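Remember, predicted model here, so these are calculated numbers, not experimental data. Reminder, nothing fancy here: chain letters follow the sequence lines and each chain counts from 1.
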There are 2 protein chains.
Amino acid sequence: MEEYSEKQLSILKVAERLFADQGFHGTSVRDIAQEADVNIAMISYYFGSKDKLLETIFTYRLEASRKFINELLENDTLEPLDKINSLIDRFINKMLGEQYFQCIMSREQLNSQQSPVRDLIWQLKGEMLGLMQPIVTNAQEAGIFDKDVDVEMLMTTLFGTIHQVIPAQHILKKNAPADVTTDEEFSVYIKNRVSIHLKKLFKAILTHEF
Amino acid sequence: MEEYSEKQLSILKVAERLFADQGFHGTSVRDIAQEADVNIAMISYYFGSKDKLLETIFTYRLEASRKFINELLENDTLEPLDKINSLIDRFINKMLGEQYFQCIMSREQLNSQQSPVRDLIWQLKGEMLGLMQPIVTNAQEAGIFDKDVDVEMLMTTLFGTIHQVIPAQHILKKNAPADVTTDEEFSVYIKNRVSIHLKKLFKAILTHEF
DNA sequence: GTTTAAATTAAACGTTTGTTTAGTTTTGTG
DNA sequence: CACAAAACTAAACAAACGTTTAATTTAAAC
């Protein structure tokens with residue numbers, strides 16, 4: 001784990017935003033350099049290449065995701081459903097808190113030809129499945145959760161819903177209550193709405209209660 | 001609605017696949033021309049430009065989607081839940097049957113700067129919400145569905161789950177039963193698995209039954 | 001068979017791409 | 001101050017990009 005200078009962090013931040021908004025190939029290093037207010041050559045100088053820059057963003061973000069997963073594992077005192085609910089809220093907060101990166105992930109996971117970045121994505125997804133699976137299995141054996149649950153599909157729904165909410169925010173903003181005006185208010189509003197929705201979904205499927 | 005020659009259709013087909021696999025900016029017109037076995041100049045000759053080519057793919061596919069929606073509206077004799085189930089199955093079949101195009105949609109809906117293509121996507125999504133909303137509302141008034149349902153989020157989950165399944169198929173293929181070997185068998189298997197999952201989800205949320 | 005339009009081609013167009021070079025400035029150290 | 005290493009810059013690089021041109025072949029109509 002390296003440390004990055006302010007300038008490097010500025011490049012990473014700008015690159016993440018532009019890659020999210022316009023795609024990797026839709027963003028030129030000149031765009032990045034201009035918005036980050038650095039010389040073009042600095043990007044190669046710091047990160048080696050444009051590809052390596054993307055990889056740097058990924059290792060940087062995914063390292064944080066690993067920490068995030070390990071923190072989730074420590075909450076071992078909660079009831080199974082509370083554990084699931086806590087997990088849902090944390091996922092929503094994490095993913096909506098790094099929307100630019102999640103956009104890049106959405107894009108990169110679609111690439112057919114395998115790449116270092118693509119491999120990292122699916123490896124992490126596997127780890128997240130491995131996080132939820134035992135919680136569900138244990139609760140099933142304790143007779144708390146329904147036996148007949150497709151956990152892999154449930155995770156797909158969790159990620160899919162959040163990944164779908166991110167680009168849909170323009171639309172959701174229009175239909176939001178009138179008292180939601182600022183960006184911060186909307187952020188709270190949308191997180192809460194997704195949270196309620198997903199918790200209801202999971203509870204219904206896992207416990208057959210409402 | 002125009003008719004396209006075999007050569008034009010060949011270009012459209014190849015372009016759709018490559019745009020899905022590598023992204024729009026990640027695919028060059030030379031790539032498309034080579035794989036479609038036509039001269040590079042033919043793409044501009046037929047479609048005007050690379051951008052127009054993408055737009056052509058969209059108008060072509062979205063026209064079919066409109067027909068698809070109208071067909072759904074005709075099934076007016078079914079019970080509300082059967083109507084929802086039919087809708088789920090048709091969506092799964094449609095979207096998994098045109099996976100390349102759905103990949104392109106997944107990518108393009110992430111673009112921040114508005115474009116003809118982006119507008120078309122969200123317009124269609126609005127229409128699909130408008131398709132499901134009355135079904136749910138009517139059943140709610142008849143006391144068949146739960147009053148407290150976030151239909152917009154439910155649609156988000158529907159699309160999100162299917163859009164997430166598409167790139168996850170490599171992984172899901174590994175964990176598939178041993179008797180699923182051919183591509184056709186896997187296609188049936190995965191459609192069925194998603195169908196069961198989503199129907200269960202919708203039934204639980206809408207009717208509080210299992 | 002001749003003529004006219006459409007289809008097709010190879011080559012070239014001017015940009016833009018990511019990257020590198022060679023030179024300059026800044027920084028830190030003895 | 002002197003000096004070496006790091007940081008930074010403007011310019012140039014070759015390659016790839018989407019598009020157009022001008023010439024040629026094919027097809028259709030009379």
Flag the pair Tyr189(B) / Leu172(B) as yes when at least one side-chain heavy-atom distance between them is below 4.5 Å, and no otherwise.
no
Write down the distance between NE2 (His25(A)) and P (dT17(C)), rounded to a whole number of angstrom.
13 Å
Atom-pair distance (CD1 on Ile11(B); P on dG18(D)), nearest Å:
14 Å
The correct set of residues in residues 27-56 of chain A placing a heavy atom under 4.0 Å from DNA chain C is Thr27(A), Ser28(A), Val29(A), Arg30(A), Ile40(A), Ala41(A), Ser44(A), Ser49(A), Lys50(A)
Do Val149(B) and Leu154(B) make a side-chain contact, defined as non-hydrogen atoms from C-beta onward lying under 4.5 Å apart?
yes
Taking the six-membered ring for Trp, is the centroid-to-centroid distance between Phe101(B) and Phe58(B) below 6.0 Å?
yes
State whether Phe159(B) and Lys125(B) meet the cation-pi test: NZ (Lys) or CZ (Arg) under 6.0 Å from the six-membered ring centroid, and within 45° of the perpendicular axis.
yes
Do the ring planes of Phe91(B) and Phe68(B) sit parallel (below 30°), tilted (30 to 60°) or perpendicular (above 60°)?
perpendicular
